[in-house]
Amino acid sequence: MSTEYVLLALRLVTAALLLVFLGAVFVALWRDYRAASGAAAGSGRRRGWLVVIEAGDNAALSGTSYPLLSLTTLGRSPTNTVVLDDTFCSQEHALVTWRGGQWWLEDRDSSNGTRLNGQPVQEPVVLSSGDVIGIGRTEFKISLE
């Protein structure tokens with residue numbers, strides 16, 4: 001009979017250890033989930049605007065404002081944050097990102113290039129309020145909050 005009690009005790013200890021382990025895994029996953037959801041909620045905050053100042057053939061688009069998100073894509077493809085109906089614009093033309101407390105502009109190997117204040121963008125560059133981004137026949141002015 002004593003062997004049966006020892007086996008029962010071992011089973012109960014094993015079950016308790018398994019419950020403690022599963023509880024620790026749950027707590028770790030819950031903390032990670034809360035941290036990730038907090039970061040995702042903060043990434044969608046508006047920190048500035050892209051204001052259309054020149055729209056090529058589509059004059060009705062002038063003055064339209066688009067919120068800058070932490071990752072803002074510009075191009076002809078409907079999957080972009082800002083969709084441009086411009087034949088001189090590539091499907092995925094440019095990218096505006098929030099990194100290290102600054103806004104950055106990057107050309108995505110577009111056919112006709114991206115311009116910042118009239119100069120071609122060869123590598124990622126820091127944006128400032130009032131800068132003008134040129135994509136095809138469309139120009140945007142950066143308005144930062």
Side-chain angles (χ1 to χ4, degrees), residues 6-145:
V6 170
L7 289 175
L8 177 63
L10 286 174
R11 287 180 184 156
L12 290 174
V13 168
T14 304
L17 289 174
L18 180 61
L19 286 174
V20 167
F21 174 75
L22 289 175
V25 168
F26 175 77
V27 167
L29 288 174
W30 180 256
R31 287 182 181 166
D32 188 50
Y33 168 76
R34 291 193 60 200
S37 65
S43 69
R45 290 185 315 171
R46 296 178 180 167
R47 297 184 178 107
W49 300 88
L50 286 173
V51 181
V52 179
I53 56 175
E54 177 64 42
D57 295 338
N58 193 354
L61 200 58
S62 292
T64 303
S65 296
Y66 297 96
L68 280 175
L69 304 176
S70 58
L71 181 73
T72 303
T73 57
L74 298 99
R76 255 187 9 245
S77 174
T79 58
N80 288 298
T81 310
V82 178
V83 179
L84 302 171
D85 185 22
D86 186 342
T87 56
F88 292 96
C89 176
S90 297
Q91 292 291 321
E92 293 180 5
H93 198 99
L95 177 67
V96 177
T97 55
W98 177 257
R99 288 182 292 183
Q102 296 178 317
W103 286 106
W104 291 79
L105 172 65
E106 180 180 341
D107 183 67
R108 305 292 289 167
D109 294 325
S110 61
S111 301
N112 295 316
T114 302
R115 299 174 311 281
L116 178 63
N117 298 323
Q119 301 298 314
V121 174
Q122 303 296 330
E123 58 189 32
V125 293
V126 176
L127 294 171
S128 300
S129 193
D131 282 346
V132 176
I133 299 173
I135 296 176
R137 294 179 292 184
T138 307
E139 290 187 345
F140 298 93
K141 186 173 188 175
I142 300 290
S143 175
L144 301 179
E145 297 174 349

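Please read these numbers as outputs of a predicted model, since none were measured by experiment. Side chains are part of it too, since the values below use all heavy atoms of this structure and drop only hydrogens, waters and symmetry mates.
Using a 4.5 Å heavy-atom cutoff, the side chains of Leu74 and Leu50 are in contact. Within the 4.5 Å cutoff, side-chain heavy atoms of Leu127 are placed close to those of Leu116. For the pair Trp104 and Leu95, the minimum side-chain heavy-atom distance is 4.5 Å or more.
When all heavy atoms of Val82 and Phe140 are compared, the closest pair comes out as CG1-CZ, 4.1 Å. Contact detail for Thr114 and Ala94: the closest heavy-atom pair is OG1-CB, 3.9 Å. When all heavy atoms of Val83 and Asn80 are compared, the closest pair comes out as CG2-O, 3.6 Å. Thr73 and Thr79 make their closest contact through OG1-O, 4.3 Å (heavy atoms, listed as atom of the first residue, atom of the second, distance). Closest of all the heavy-atom pairs between Cys89 and Gly75 is SG-CA, 3.6 Å. Closest of all the heavy-atom pairs between Val96 and Trp103 is CG1-CE3, 3.6 Å.
If you take CG on Asp107 and CD on Glu92, they are separated by 12.0 Å, rounding to the nearest 0.5 Å. With rounding to the nearest 0.5 angstrom, the CD atom of Gln102 is 10.5 Å from the OG1 atom of Thr97. The OG atom of Ser70 sits 11.5 Å away from the CZ atom of Arg99 when rounded to the nearest 0.5 Å. How far OG1 of Thr81 is from CG of Leu68: 9.5 Å, rounded to the nearest 0.5 Å.
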(message) Show, in sequence, the C-alpha distance, side-chain angles and deciding distance for Val52 and Tyr66, and conclude whether the side-chain contact (heavy atoms from CB on, under 4.5 Å) test is met.
(response) CA-CA 8 Å; Val52 179; Tyr66 297 96; 3.8 Å; yes

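Side chain of Asp86 to main chain of Gly136: no donor-acceptor pair is present (N/O by atom type, distance under 3.5 Å, no hydrogens or angles). The backbone N or O of Asn117 lies less than 3.5 Å from no partner atom in the side chain of Asp131, so there is not a single donor-acceptor pair. Put simply, the side chain of Ser90 gets close to the backbone of Ser111: a donor and an acceptor are under 3.5 Å apart.
In this structure, Tyr33 and Trp30 have tilted ring planes: the angle between them lies in the 30° to 60° band.
Note on Arg108 versus Glu106: salt bridge recorded, some NZ/NE/NH1/NH2 to OD/OE distance being below 4.0 Å.
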